[in-house]
Amino acid sequence: MAAGGGGVADPLSPAGVPCAFSPQSQAYFALASTDGHLRVWETANNRLHQEYVPSAHLSGTCTCLAWAPARLQAKEGPQRKKRKSEAIGTSNQADLLALGTAVGSILLYSTVKGELHSKLISGGHDNRVNCIQWHQDNGCLYSCSDDKHIVEWNTQTCKVKCKWKGDNSSVSSLCISPDGKMLLSAGRTIKLWVLETKEVYRHFTGHATPVSSLTFTTIRPPNESQPFDGITGLYFLSGAVHDRLLNVWQVRSENKEKNAVMSFTVTDEPVFIDLTLSENKEEPVKLAVVCKDGQVHLFEHILNGYCKKPLTSNCTIQIATPGKGKKSTPKPIPILAAGFCSDKMSLLLVYGNWFQPTIERVALNSKEPHMCLIRDISNCWAPKVETAITKVRTPVMNSEAKVLVPGIPGHHAAVRPAPPQTKEVESKRKLGEKEVSIEERLGALDIATKKEKDDLPQTNSFPVLLTQGLESNDFEILNLTKRLQGHPNSAILMVQWLKCVLTVHASYLSTLPDLVPQLGTLYQLMESRVKTFQKLSHLHGKLILLITQVTASEKTKETTCPAQKAKLVYEEESSEEESDDEIADKDSDDNWDEDEEEKASEKDEDVDEENEEEEGDDEDKDEENGEDRDAASEKGLNGDSDLDPENESEEE
Amino acid sequence: MVEEEGIRVVRCGGSELNFRRAVFSADSKYIFCVSGDFIKVYSTATEECVHILQGHRNLVTGIQLNPSNHLQLYSCSADGTIKLWDYIDGILIKTFRVGCELHALFTLSCAEDSVFVMINKGKPDVFQLASVKLPKSSSQEIEAKELSFVLDYVNQSPKCIAFGNEGEYVAAVRDFYLSVYFFKKKTTTRFTLSSSRNKKHARNNFTCVACHPKEDCIATGHKDGKIRLWRNFDDEKKYTYTCLHWHHDLVMDLAFSVTGSSLLSGGRESVLVEWREAAEKNKEFLPRLGATIEHISVSPAGDLFCTSHSDNKITIIHRNLEASAVIQGLVKDRSIFTGLMIDPRTKALVLNGKPGHLQFYSLQSDKQLYNLDIIQQEYINDSGLIQIELTKAAFGCYGNWLATVEQRQEKETELELQMKIWMYNKKTQGFVLNTKVNMPHEDHITALCFCNAEKSESSTLVTASKDGHFKVWILTDDSDIYKKAVGWTCDFVGSYHKYQATNCCFSEDGSLLAVSFEEIVTIWDSETWELKCTFCQRAGKIRHLCFGRLTCSKYLLGVTENGILCCWNLLSCALEWSTKLNVRVMEPDPNSENIAAITQSSVGSDLFVFKPSEPRPLYIQKNICREEVLWGVFVPRDVPESFTSEAHQWLNRSQFYFLTKSQSLLTFSTQSPEEKLTPTSKQLLAEESLPTTPFYFLLGKHRQQQQNDKLNEALENELVQLPLTENIPAISELLRTPAHVLPSASFLCSMFVNSLLLSTETKSAEENPDDVDMEEEKESDDSDEENNFTEKIQDTNNTDLEEDIIHQLSKSEEKELKKFRKVDYSWIAAL
């Protein structure tokens, strides 16, 4: 995988700190910040996995880092005797991380154990280490330094295997060929070494400034007709300090060609490069270049021979803060690193400050030439110790969330006019638009209530207002529904007005074409409010039964079940009452209780009379009671559902 | 691609971590826990799994450090073996075959060659504690049949047995009894709690036991939340106990700190209580640990504690009661209502987690990513409380929306329902509540699904409920003059003859909605919400419903309670085919036409993979597991595999995971077990080499030398001690017998010298000088002992004059003895 920021040493710039994704599944992101701390982040949940401070972090800050290939496991202690039984390897877990320091030492850090594993010093560099590369197969480590040398380390023994002079100036970057037999090194010029003999195989002109990154872009030559010797025909990419061009070079069989094949242009110095290797001729190379200005440039190109003009990026990704209101303008958020996910269709972006970066997986859309993501990272500064331990994330629940309770429009489907015209959407919109006028009217209503506060004439004045409202604008009804949704006590009065309005202005209302959808919300509200009515009527019946039995036993008369008559009385009431009144009952509990008591007392009297009149078998009566109750509830139901027919009948 | 093996069912992580007490390594760097057939080695610093020790063929039931070598670990398993591991390299060293099922393992530092195991003979709930002598042998597999019984009729849980005071006694509890067995005296004393005799419903059953490491003190935990500290228990009459009471519910586990200065206890309150100096007023708490504490263990170094919790978690706690790390497996505390889902954003497996939470579990790294707190109410961990349950959840539109349903039902009629619809806020990278719906339906919600069609411009959510309705919710613009907002509103309510709606699902392109009403499947047009057609097979209620994908999108599949799998053709509105299969789980693969169905029979569960267009299944695997499979899900692969054989092709695009009734997560793998592991020969190992620091030069060298010296000494000690203790009874006799009964010194002296002479004769001359030094040391120790002894005698008999004289005599005698010894030694040395 790619590593970035090799040669950049500006401590103040947020971009350009050494960082790398763990190989294969990119589960971790290691970042060595300028304060000398090594932090490893989990990419999947953006959590700080571990933090390590090398003992010499102030003198020898980390200059480059590289993850070991996944198979390389840390082994502890001295070599033990060979045992007969087989050791059991753990899964392909990323473990070792090599850190190069400014004083020339190389640290191997084990992320599994969370401690320093080895320190490579003896016979190594005596100046700043610029780049580290792991060999993919044999566990060797290659490092280059300002002391002009390249060192090959044996990590099993932690000893220098080979050390040779790589350049006349400092060597700034390294890359191992896909077959593992060649090594690219770069100071200002780029050299290709044969690893076995440590001889220079090819020279390339390189850049005017020190090369900061080197990567092979292909693993197979484009021309497959010739036999492949492992290196000829391959392309590689180089980026340099203060250079806005990335050059692509091809390793040719003849030794003459030393210039770049083609180049990519970016907006600023590249600090982190990642690419997807193309496995066949048809598949383009995808390249993600993070620049020092915090942008990511994506290139998609099939490498095939010369191209004189520098290629511009297919897509640019930028990240900015939202910029709340008019006060603050959006500010760009620098992107620190970008890595392709294994499916090659999405990109892991690391952005923000190196202290607490945010890692996000972004799906790539090749169509758009420019992507600007708006992200709010202001809360990233908050300490997250608690979540680090408990692993609990709390999603935001604020008051802005919409709340739907039964009866509020939106909880149940809107009532549509009988012929299915697709108007309901329009009406919804309209409701929104008329908000202001309703507000005004509300204000007017409030004034009216203040004026006539103490006495009941409200009942007169409000219907007047209401009817005016209705005549002028039907949406006043909505106003009413809103009020009804409020406190139950205020709804009692409302219901009475509504009843009057509906009865008085029925003829007018029936002339309105879109009455049904408009009164629909009112209807739904009523329905939801009287939903418990059926249960209450059951309770009512039972209570009466109980009370009458109590009174009957007190009077020490024959114990007859008296509820039959009571039911009848009740039925009458329910049928007599307007459904609106029922609502009123339900709306206020106190009121309902009073009513209930009154009714009960009334009924008691009735029942007593009845008791004297009627005598019969208990069983029969029970049955009858049951029937009655059913009948009553049915009535109740009818009463509820009557509302709509009523309206309709009023229309007629 | 390597050679393709048959498809095997493999456990894919999420295994149980809280089965037994976790064990710390001696340096507290690692923590070991049993996990199914494996032992996992975790780093306490990074929470990472360093090694998985595998080799047992059945459940691992106990692990203990080897007391004689703290770099080794003993483990016992239900397969009847005890294995010895090198945990740093993850190597199996030895296997001892015991032969009978082992249920727990204990080791003692004083009994190096034997370990204690719990075995079960005869009746299912009668367990015995036995010691197993581990024979010394160089071979890898050793038979260890030498069993000697220690205690009979013990509790199955290893928490109910504890060894105390360096192995002098063992305490075991069961029901209302505490039995203590003294190894030296070979006697068992049994204590019964007094209240248990008369009260039938006494709640003071013993639940766990712990022994003080230094003193004769036993702590027992009880069902009523009390902790009793027993002392003087070597006397059946004079024993005493004190009570510590803080827990209101049963004490799950107890542990003493290494020095014994504090006692740790935990229970269902999920609070770790530290009792300092065993006093009731000196309590320290670590609250809000998340779930019931099941086990507590203490590191041998004393710097760390750890608690295992019922939600499959191990919390590592510092000595100062600060949680430092959490090793969290797949939460398995409660039943899974939501089923298995894949979060399109993180590709994590999503299911019920902690109470009221959704857990996001990374299948690649076998780690929990996080728990999303949906209900956001403090969870009160108490039995008998009816909690709010998270019953349904669904992701919509590439993970931009998440709908959750929570319910709480105390009584039949008191159902509380709430649906929350969360929006993923890209700016803050987290979920934000968008719409909350109280009582979206009047009865339980049975199904919840989003319309995930790519081209659909408006988002749609459908809920089906037992109240006979299904509701369609759409996203509408709720903007007003104050703010811009979107919210969900109900767009349509559908029903069919007052039948209960049981399932709902959208077709792949989102144009059709299928809702099943008990036995009848109804198809609705998603544009106009018109009922298009109905299918009825009269074969029982519909259990699962799904549309075919890609080329098979014209098919609709339904599974009924009576075990019939039906496939309807939507174009001809006719039954295409049906078959008799008792399907429990039916899952479509999002990336292909394949549909996986898992059937349930009396012997086990079978897997069928088929395409709706072809009645012949693509792949059948019988007996994938013995228990019932509850949920399954296809997880799209990041990089498609390229299996060519017909049986493997269905695994190319996606991987299939399923969850069984015992909540183990399983999957299908094509790799052979050997292939999965990197062979050691290939594996590259990097040596650890750290340079020496100045401190090392100052101290390390010196210490190392000392250590070497000590080591040598120890070696020599062994050499010398053997003949001393075993071959020379005269010396031990001399030193053990009370001074006042000893014969005259002159007699003793000759005997003593004689014995020494005998012993030295057997040795070679070269060893002699060293031996002498050692012996000298040893003897001076012994004489100290003698002094102590005489002092004691003085205490007891100081009134007796005669005795006093004898005592004085003995002192002088002893001086003489010493003198003689010195003389003797020089003489021997001169030899």
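What you see below is based on every heavy atom in this structure, not just the backbone, and it leaves out hydrogens, waters and symmetry mates. Every chain is numbered from 1 and lettered A, B, ... according to where its sequence line falls, protein lines coming before strand lines.
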(request) Go through B:F360 and A:R393 one step at a time and tell me if the side-chain contact (heavy atoms from CB on, under 4.5 Å) criterion holds. (result) CA-CA 10 Å; B:F360 287 64; A:R393 273 194 194 180; over 6 Å; no
(message) Please classify the contact of A:A44 with chain B as side chain, backbone, both or neither, using a heavy-atom distance under 4.5 Å.
(response) both
(request) Output yes when B:E414 and A:K535 qualify as a salt bridge under the 4.0 Å nitrogen-oxygen rule, no when they do not. (result) no
(message) Regarding A:E115 and B:K29, does a basic nitrogen lie under 4.0 Å from an acidic carboxylate oxygen?
(response) yes
Please answer whether the main-chain N or O of [Y] pairs with a side-chain N or O of [X] as donor and acceptor at a distance below 3.5 Å.
{"X": "A:H411", "Y": "B:N438", "answer": "yes"}
{"X": "A:R375", "Y": "B:K426", "answer": "yes"}
{"X": "A:K402", "Y": "B:W488", "answer": "yes"}

Any idea which of [options] has the most non-hydrogen atom pairs under 4.5 angstrom with chain A?
{"options": "B:L289, B:L369, B:V486, B:T44", "value": "B:L369"}
{"options": "B:V437, B:I374, B:L402, B:T346", "value": "B:V437"}
{"options": "B:A348, B:A45, B:P640, B:P440", "value": "B:P440"}

Quick check on [X] against chain A: is it the side chain, the backbone, both or neither that has a heavy atom closer than 4.5 Å?
{"X": "B:Q368", "answer": "both"}
{"X": "B:K471", "answer": "side chain"}
{"X": "B:K354", "answer": "side chain"}

In the structure I gave you, are the side-chain heavy atoms of [X] and [Y] within less than 4.5 Å of one another anywhere?
{"X": "B:Y42", "Y": "A:V112", "result": "no"}
{"X": "A:T394", "Y": "B:Q376", "result": "yes"}
{"X": "A:P395", "Y": "B:V432", "result": "no"}
{"X": "A:M397", "Y": "B:F431", "result": "no"}

(request) Quick one: closest heavy-atom pair of B:K427 and A:I374, and the distance? (result) CG-O, 3.2 Å
(message) Can you tell me how far apart CG (A:L404) and CD (B:Q418) are? Round to the nearest 0.5 Å.
(response) 11.0 Å
(message) Return the CD to OG distance between B:E48 and A:S110, rounded to the nearest 0.5 Å.
(response) 8.5 Å
(message) Quick check on the interface: out of A:C341, A:A27, A:A401, who has the most heavy-atom pairs with chain B under 4.5 Å?
(response) A:A401
(request) For B:R637, look at atom CZ and say whether over 12 heavy atoms of other residues, nucleotides or ligands are found less than 6.0 Å away. (result) yes
(message) Just to verify, what does A:Q50 make a side-chain hydrogen bond (donor to acceptor under 3.5 Å, both in side chains) with, not counting sequence neighbours?
(response) A:Y109
(request) Give the intermediate values and the outcome of side-chain hydrogen bond (donor to acceptor under 3.5 Å, both in side chains) for residues A:H49 and B:E47. (result) CA-CA 9 Å; A:H49 181 58; B:E47 310 165 17; 6.0 Å; no
